[in-house]
Structures are given as C-alpha cells and as structure tokens.
Amino acid sequence: MSIYRNTVWFVKGLQEYTRSGYEAAAKHFTAADLDVNLDGRSFMITGANSGIGKATAQEIANRGGTIHMVCRNQGRADEAKRKIVERSNNQKVHVHIVDLSSARRVWEFAQNFSQNNTVHVLINNAGCMINQREVTEEGLEKNFATNTLGTYILTSALIPALKKVEDPRVITVSSGGMLTQRLNVDDLQFEKGTFDGTMAYAQNKRQQVILTEVWASQHKDIHFSSMHPGWADTPAVQSSMPSFHARMQSRLRSETMGADTVVWLAVSAAAAKQPSGLFFQDRKAVPTHLPLAFSRSTPEEDHKLLTILEQLATKFKP
C-alpha cells in the first residue's frame with residue numbers, strides 16, 4: 001500500500017506541485033483577492049526567518065499588517081526582519097525567540113503574548129525534518145515535538161485570544177507528503193522499527209491536517225485551514241532532502257509561489273468564505289486522501305491523537 005501511495009503521490013506531484021503546476025493554477029487566480037490593506041491586523045508567523053515563512057511575512061508586511069515573527073535563531077531572525085522592513089517600509093515587524101520543540105517554552109511564550117498583544121491570524125509554518133531520531137530535553141522525538149505538539153500547544157493557547165478579535169484565522173502549513181500516510185496513533189514518536197525522517201515528517205503533516213479538522217469542528221468562530229505549498233526551493237528542502245532538491249531543482253517553485261496560498265488564506269475575503277477545516281493547494285480546497293489509498297483514520301483514532309496531545313500539553317504547562 002505504501003508503494004502505491006508513494007507512486008500515485010509522486011506522479012501527482014510532478015503534475016501539480018512543481019513550478020509549472022503553480023503557473024497553470026495561477027491562471028485562474030483572482031488578483032483582487034490580495035489587493036487588501038492590512039493596517040490594524042496582527043499576524044503571528046512561526047518559522048518566519050526563511051523560506052515560505054519569510055516570504056509570507058514579506059507579503060503581509062507589504063500590505064501594512066503587523067508581523068510577529070516567531071523564530072528559533074536570534075541572528076537569522078533579526079537579519080530577516082531587517083530585510084522585510086527595508087522592502088516593505090513597514091516598521092511593525094516584531095521578533096520573538098522561541099524553540100517550538102520545547103513544549104514548556106511554547107506555553108510560556110503564548111501565555112505572555114496573549115496578555116500583552118492582539119493576534120488576528122496565526123500561521124503555523126515552522127517545521128523540521130530531522131533524518132536521525134533525536135530526543136528533546138523534555139524527552140520527546142524532535143520532529144513530533146516541533147511539527148505536531150508545538151503546533152498543538154501554540155494554537156490551543158492562543159484560541160482564547162483569537163476569539164476576542166474580528167475575523168480570526170489559523171493557517172497550518174502542512175504538506176502533500178501527508179497523502180502518503182495513514183495516521184499511526186500507536187507510535188506517534190517513532191519508537192518502533194527503523195526511523196525514517198521523511199516518513200516521520202509526513203506523519204506529522206497528516207496529524208496537522210486532522211488537528212485542523214478537529215479544531216474547525218470545536219471552534220466555529222475561528223476559521224481554520226491547512227495547506228500544501230507545493231514543492232518549493234527553500235533552505236529546509238535543501239538541507240533535509242538534498243537528493244530530492246538536486247534532482248528536482250529546475251522544477252521547484254520559488255518561495256513566493258509556495259507562500260501564495262498561505263497569504264491568500266490569511267488575508268483574502270474569498271478564503272474566509274470557504275468552509276472551515278479544509279486543506280488547500282493553489283487557493284483551492286483539495287482532497288486529503290489519494291484515491292483507493294485507504295489512508296483514512298477512524299474517529300476513535302483521531303480522538304486518541306487529541307487525547308495524547310492534550311495529556312502531553314498538560315504535562316508541560318507551566
């Protein structure tokens with residue numbers, strides 16, 4: 001089954017996820033959707049110092065939005081902020097240093113932020129794909145800690161603040177790679193068998209899509225969405241998937257192309273009219289499962305995922 005899923009997914013990717021796939025889709029975009037003034041709107045973007053996160057921050061800053069960059073590395077974040085401010089002439093760009101793999105640190109940051117700031121849109125973009133199994137200081141597998149638990153805690157902690165503003169939105173940058181995976185709720189931290197970083201990442205991305213669907217059903221007054229940016233030429237792809245990058249480099253999307261749907265979901269009136277909880281690619285809601293892939297989890301498995309995340313989040317809550 002995994003061979004079937006991987007093959008179907010790769011063929012689909014060559015048609016849709018590449019630069020030419022974006023260019024074909026973009027012929028149907030409505031330019032006016034992004035013709036907006038974001039003055040007075042506040043956007044938190046994780047992993048905003050490079051790749052799709054930085055491209056998203058730039059596009060939103062260009063339109064007058066207030067940006068809260070949540071980054072791990074002070075030097076890289078400050079340099080990215082300098083460039084974003086310079087290109088946008090928008091001074092409302094703020095840096096927050098947080099390691100999303102630290103559950104306790106994410107809680108502390110979110111709680112402090114909510115007390116002192118407003119947030120209209122949360123963009124869960126930060127992610128990691130570590131190819132050897134690593135464990136954090138808190139004893140959690142690092143991909144899971146960053147991609148799934150960090151996203152879960154940050155979003156959960158900010159939901160009360162989001163409910164206080166007009167037109168609140170949460171966008172989670174997932175990946176089409178999740179189409180190759182069926183949720184494996186019995187081994188969320190990859191303690192069994194041989195560790196495969198690419199598969200771990202794809203599992204995390206499947207988990208994010210399920211979380212988005214659950215949050216949408218629980219919190220009707222916030223608009224949730226997840227999305228696939230396509231195959232973009234980012235520093236993360238270069239470092240985590242060097243052979244894929246070398247093979248596909250000429251066909252990869254630019255960072256701005258990868259960020260387009262994130263920006264559209266974050267700022268456009270058209271996106272807010274879409275049902276909450278959907279998975280998007282090139283400004284369109286797309287299926288979360290490949291045909292005949294048998295990748296759907298049961299409601300019981302989804303509930304178990306939420307229960308485990310809730311227990312872990314509670315354990316590390318200050």
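No side-chain heavy atom of Gln274 sits less than 4.5 Å from a side-chain heavy atom of Ser225. Inter-residue side-chain proximity for Lys83 and Lys54 is flagged as met; some heavy-atom pair is nearer than 4.5 Å. Side-chain atoms of Met44 and Leu154, non-hydrogen and from C-beta on, do get closer than 4.5 Å to each other. Annotation: side chain of Arg5 is not in contact with side chain of Leu179 (no heavy-atom distance under 4.5 Å). The shortest side-chain heavy-atom distance between Val119 and His68 does not fall under the 4.5 Å cut-off. For the pair Val267/Phe43, a side-chain contact is recorded, criterion being any heavy-atom separation below 4.5 Å from C-beta on. Contact of the Trp9 side chain with the Leu290 side chain is registered, since non-hydrogen atoms from C-beta on lie closer than 4.5 Å. In this structure, Thr180 and Met199 have side chains that are not in contact, with every pair of non-hydrogen atoms separated by 4.5 Å or more.
Remark: the backbone N or O of Val173 is paired with a side-chain donor or acceptor of Lys205 at under 3.5 angstrom. Remark: side-chain polar atoms of Ser156 are not paired, donor with acceptor, to backbone N or O of Ile153 under 3.5 angstrom. Without hydrogens or angle criteria, Thr261 side chain to Asp282 main chain gives a donor-acceptor distance under 3.5 Å. When atom types are taken as modelled, the side chain of Gln74 and the backbone of Ile97 share no donor-acceptor pair closer than 3.5 angstrom. Although no hydrogens or angles enter the test, the distance criterion places a donor-acceptor pair under 3.5 Å between the side chain of Thr46 and the main chain of Asn125. Although no hydrogens or angles enter the test, the distance criterion places no donor-acceptor pair under 3.5 Å between the side chain of Arg133 and the main chain of Phe195. Checking side-chain atoms of Asp233 against main-chain N and O of Leu252 turns up no donor-acceptor pair under 3.5 Å. Between the Gln189 side chain and the Glu141 main chain, a donor and an acceptor come within less than 3.5 Å of each other. For Ser42 (side chain) and His120 (main-chain N/O), no donor-acceptor pair under 3.5 Å exists by modelled atom type. Of the possible polar contacts, none joining the Arg253 side chain to the Arg19 backbone as a donor-acceptor pair under 3.5 Å is found.
Both Ile84 and Ile123 sit in one connected hydrophobic cluster of ILVMFWY residues. Membership requires side-chain heavy atoms under 4.5 Å apart, directly or through other members. Follow the hydrophobic side-chain contacts under 4.5 Å out from Val135 and you never reach Leu140; the two are in separate clusters. Leu122 and Val93 fall into different hydrophobic clusters, where Ile, Leu, Val, Met, Phe, Trp and Tyr are joined by side-chain heavy atoms under 4.5 Å apart, directly or via other members.
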Item to complete: Starting from the C-alpha separation in whole Å, work towards a yes-or-no answer on side-chain contact (heavy atoms from CB on, under 4.5 Å) for Ser226 and Met178.
Response: CA-CA 12 Å; Ser226 56; Met178 68 96 190; over 6 Å; no

Worksheet item: Should Asn131 and Thr198 be marked as a side-chain contact (heavy atoms from CB on, under 4.5 Å) after you check the CA-CA gap, both sets of side-chain angles, and the distance that decides it?
Response: CA-CA 7 Å; Asn131 291 311; Thr198 307; 4.2 Å; yes

Worksheet item: For Asn124 and Thr155, what are the C-alpha separation, side-chain angles and deciding distance, and is it a side chain to side chain donor-acceptor pair (under 3.5 Å)?
Response: CA-CA 8 Å; Asn124 291 310; Thr155 306; 3.0 Å; yes

Item to complete: Go through the steps to decide whether Ser20 and Thr18 satisfy the test side chain to side chain donor-acceptor pair (under 3.5 Å), and finish with yes or no.
Response: CA-CA 5 Å; Ser20 60; Thr18 51; 3.2 Å; yes

Worksheet entry | Trace of the side chain to side chain donor-acceptor pair (under 3.5 Å) decision for Glu108 with Asn112 | CA-CA 6 Å; Glu108 288 168 355; Asn112 291 338; over 6 Å; no

Worksheet item: Does the side-chain contact (heavy atoms from CB on, under 4.5 Å) test come out yes or no for Glu213 and Phe279, once each step is laid out?
Response: CA-CA 9 Å; Glu213 293 167 350; Phe279 178 64; over 6 Å; no

Fill in: Candidate pair Thr172 and Gln208, rule side chain to side chain donor-acceptor pair (under 3.5 Å), full reasoning
CA-CA 7 Å; Thr172 299; Gln208 289 179 342; 6.0 Å; no

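Taking CD1 of Ile52 as the start and CD1 of Ile45 as the end, the distance is 12.0 Å to the nearest 0.5 Å. Rounded to the nearest 0.5 Å, atoms CZ (Phe29) and CG (Leu34) are 9.0 Å apart. Rounded to the nearest 0.5 angstrom, Arg296 CZ and Phe294 CZ are separated by 11.0 Å. Taking CD of Gln281 as the reference point, atom CE of Met227 lies at 9.0 Å (rounded to 0.5 Å). With rounding to the nearest 0.5 angstrom, the CD1 atom of Ile130 is 7.5 Å from the OG atom of Ser101. Rounding to the nearest 0.5 Å gives a distance of 12.0 Å between SG of Cys128 and CZ of Phe144.
In this structure, Lys163 places its NZ atom where more than 12 heavy-atom neighbours from other residues, nucleotides or ligands lie under 6.0 Å away. Sparse packing is recorded around CD of Glu166, with 12 or fewer heavy atoms of other residues, nucleotides or ligands lying under 6.0 Å away. More than 12 heavy atoms of other residues, nucleotides or ligands lie within 6.0 Å of CG in Asp221, so this atom counts as buried by the packing criterion. In the displayed structure, Arg105 atom CZ is contacted under 6.0 Å by more than 12 heavy atoms of other residues, nucleotides or ligands.
Taking the six-membered ring where tryptophan is involved, the planes of Phe113 and His96 are perpendicular, since the angle between them exceeds 60° and thus also 30°.
Salt-bridge annotation for Asp167 and Arg41: present, with a side-chain N of the basic residue lying under 4.0 Å from a carboxylate O of the acidic one. Look at Glu79 and Arg76 and you find no salt bridge, because none of the NZ, NE, NH1 or NH2 atoms lies under 4.0 Å from a carboxylate O. Ion pairing of Asp39 with Lys92 is present here, as a side-chain N (NZ or NE/NH1/NH2) and a carboxylate O approach within less than 4.0 Å. Between Glu59 and Arg63, at least one side-chain N (NZ, or NE/NH1/NH2) sits under 4.0 Å from a carboxylate O, which counts as a salt bridge.
Aromatic pair Tyr22/Trp231: centroids not less than 6.0 angstrom apart.
Asn204 pairs in a side chain to side chain donor-acceptor pair (under 3.5 Å) with only one of the listed residues (Asn143, Thr146, Asn147), which is Asn147.
Heavy-atom minimum distance, Pro229 versus Ser174: CD-O, 3.6 Å. For Ile67 against Ala57, the heavy-atom pair with the smallest separation is CD1-O, 3.6 Å. Closest approach of Tyr4 and Ala293 over heavy atoms only: CE2-CA, 4.1 Å. When all heavy atoms are compared, the tightest approach of Ala126 to Gly47 is CB-N, 3.6 Å. Here the closest non-hydrogen pair linking Arg104 and Glu138 is N-OE2, 3.1 Å. Ala80 and Ala48 make their closest contact through CB-O, 4.5 Å (heavy atoms, listed as atom of the first residue, atom of the second, distance).
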Review item, side-chain donor-acceptor pairs of residues 302-312, under 3.5 Å, at least two apart:
from	atom 1	to	atom 2	distance (Å)
Asp302	OD1	Ser297	OG	2.6
Lys304	NZ	Asp186	OD1	2.7
Thr307	OG1	His303	O	2.8

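With sequence neighbours left out, the salt bridge (charged side-chain N to carboxylate O under 4.0 Å, His left out) criterion links Glu301 to Arg182. In this view, Asp33 and Thr30, Trp264, Ser268, Ala270, Arg283 satisfy the side-chain contact (heavy atoms from CB on, under 4.5 Å) rule, not counting sequence neighbours.
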